[in-house]
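Naming: A, B, ... by sequence-line order, numbering from 1 per chain. Quick caveat, the model's predicted, so the values are computed rather than measured.
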Amino acid sequence: MRVVVLGIGNTLMSDEGFGVHAIEALEKRYEMAEGVEVVDGGTTGMELFPELQGADHLVVVDAVRAGQPEGGIVRLTGDDVPAFFKTKLSPHQIGLSDILAALRFAGSSPQSIVLIGVKPVSLDLCMELTPQVAACIDPVVVMVADELTALGVAPRLRA
Amino acid sequence: MATRITIDPITRIEGHLRIDVEVENGKVNKSWSSGQMWRGVEQILLGRDPRDAWAITQRICGVCTTVHAITSVRSIENALDLEVPLNAQYIRNMIMTAHALHDHIVHFYHLSALDWVDVVSALKADPAKTAQLAESLSDWDGNSRHVFEDVQTRLKTFVGSGQLGPFANGYWGHPAMKLTPEVNLLAVSHYLQALEVQRYCSKIVATLGSKSPHIQNMAVGGVSNPIATDSQSVLTVERLLLVKEMIDKLGSFIRNCYLVDVSAIGAFYADWTAYGQGITDYLSIPDVPMDTKNTQFMMPGGYIKGGDLATYKPIAGGHDPYFREGVAESVKHSWYNYSNGAGALHPWKGETTPNYTDFQDDGKYSWVKSPTFYGKPAQVGPLANVLCGVASGHQPTIKYLTTVVDTVSQLAGTKIPLTALHSTIGRHAARAVRSGVIYENLQGNWQALMENIAKGDTKTFNRPTFPKGEIMGVGVHEAPRGVLSHWSVIKDGKIANYQCVVPTTWNAAPRNEDDQIGPYEAALLGTPVADPERPLEVLRTVHSFDPCLACAVHLTDVETKTVVQVKAL
């Protein structure tokens, strides 16, 4: 079984980079089980196709506006995920929705997709998260670890 | 009566580009190209360590990661006058060329082919006839009747599901779609095969760059890959042999599919050689350096005036004053102000102070600055690169161009002249020709790296030291979309100014200091528009440049706005 944890976002635009910061924190705290890959997708598009192809399960971490309050955490699954990425909150997400469709056309869609995200407070030009969103890193890292555990590929805490 | 059409956004990938055209008597007679996002990497870099700049500029754009990483280290090395070890040059060249092939293949098959290929029509094709046609064009092993039947079945399921994804915005059944169902099925099949092939590019980049899509191995002064012939954790001969396998597979796809498909589409759409010419002053920069000092290159570059190859003036590299002194950027029609109302500024003196005004047809209307070469707009990209190659007698370019022109002529039943390249379809042809050349560059650098390692040279890095005081540098790269330059000013070892003049800035430029229109704008003039509500023809011409706006512009508007607005004037 192959599971991909994908962090996406633009690290030059403050909270937009949440997904990338979160997976960095994930890898620092945990050692991944065999078959789990952590991918820093940044704002890339088709470059992610090979990374996602052949993945049985996909966990995406990103900055997400889904009606929750600023700094609020949200978890979406199933058909809500591609539908969400069609709303184009930022340019790179056009890419992800297209890649998911291309994967389907190519006959290699993941069986499950989970999206975990935080609503950004600021999209200003800087490389740091706002304190409110930075405080979400720890709980989101735990949520991702729980997802992996539920899939039967629990990560191990690093010493 | 004229009609005003606004298309926003126009790209399938990164960034927000808005195009406005006025159409009178079925043709475009006025046009505006406007970047709808603001890029501010320049401010983020101020005061930072120049050795970190590449990792930050790599994040400007999700499509051009490695491109900005490499150009950034080149800029700092240029300021320091620092040589780059041969192994590092070869490794960078391989990453760069593998990335470029990825970019060109994805652009043709996954981003722009849908402007020419009617996916839904492929459902009506006879797979046996498609196989007959395909076998007459090339001996690619993915061209069997069985493959085409399988693809058609998959397509039925996919279209039946109603979730079309990348195909959702296609103009199916548009009168400007001219391919037969059989050719459409061929193209859709190669769409799927190209998805597989692009993986080889990513694997090459990941093997050499330690990770993909964001490479980890760049360094000012070289690369951080240790080379050894006997260790597991580093770049070994075994890993390099795997890279070679992937290079060979890429070469086969480019020769047997990409070059052939471009020729077929060119022949079926031969009328599109008459549209989209625009600005015929072409700028390109030599690249794929094969020495430590960046003076010998595999790929030539220079400047051509008015489309006349006899005017070709070569550029010797980023160090050539002819290039360095010729570049300036105007903000007369862009949402910035220069201090003291200055006119166009050289990038080393460049400023990035926003001044948003709203869309003013005759005033400011874009976040893209307007770059010029000696005061004039220039078209950059694969077409500029190929024309400079032909003008300089570059054999690989001439070889692949001749193949394409001969195939198109044969299929179209008429001799296609070289001047047909100055067009919308010509830009696609040039991208395929350049892919052939780049594939050879990739192979050549693999060979050079193996031979150099065999000689016992394992050096990959020269340590940089930063002097007190001010130094300036420019890093240049003939990127997939054309000339890219990063201009750096370093003071006491910290970045004091940094300006990226990117290919899409050249091509998507708004009007300049002298109110001359930019390359996209010029290319759109005279383009026929059959149905203003579905302006496929406008998309064709703009997409032929492979627009990528994330780095050309400085994000204001993250809300969804779709897509075409039509207003009678």
Looking only at heavy atoms, what is the nearest atom pair of B:I44 and A:L12, with distance? CD1-O, 3.4 Å
Checking heavy atoms, do the side chain of B:L195, its backbone, both or neither come under 4.5 Å from chain A? both
Closest approach of A:P50 to B:R199 (non-hydrogen atoms, all atoms of both residues): CB-CG, 3.6 Å
Check: A:E51 and B:S212 side chains under 4.5 Å, non-hydrogen atoms: yes
Looking at every heavy atom in both B:Y191 and A:A102, which two are closest together, and how far apart are they? OH-CB, 4.2 Å
Kindly give the heavy-atom pair with the smallest separation between B:P213 and A:L48, and that separation in Å. CG-CD2, 4.3 Å
Residues 151-159 of chain A: residues contacting chain B (heavy atom under 4.5 Å, by number): none
If you measure from CG on B:D103 to CD on A:E47, what distance do you get to the nearest 0.5 Å? 7.0 Å
List for me each residue that meets salt bridge (charged side-chain N to carboxylate O under 4.0 Å, His left out) alongside B:R59, sequence neighbours excluded, and say none if there are none. A:D40
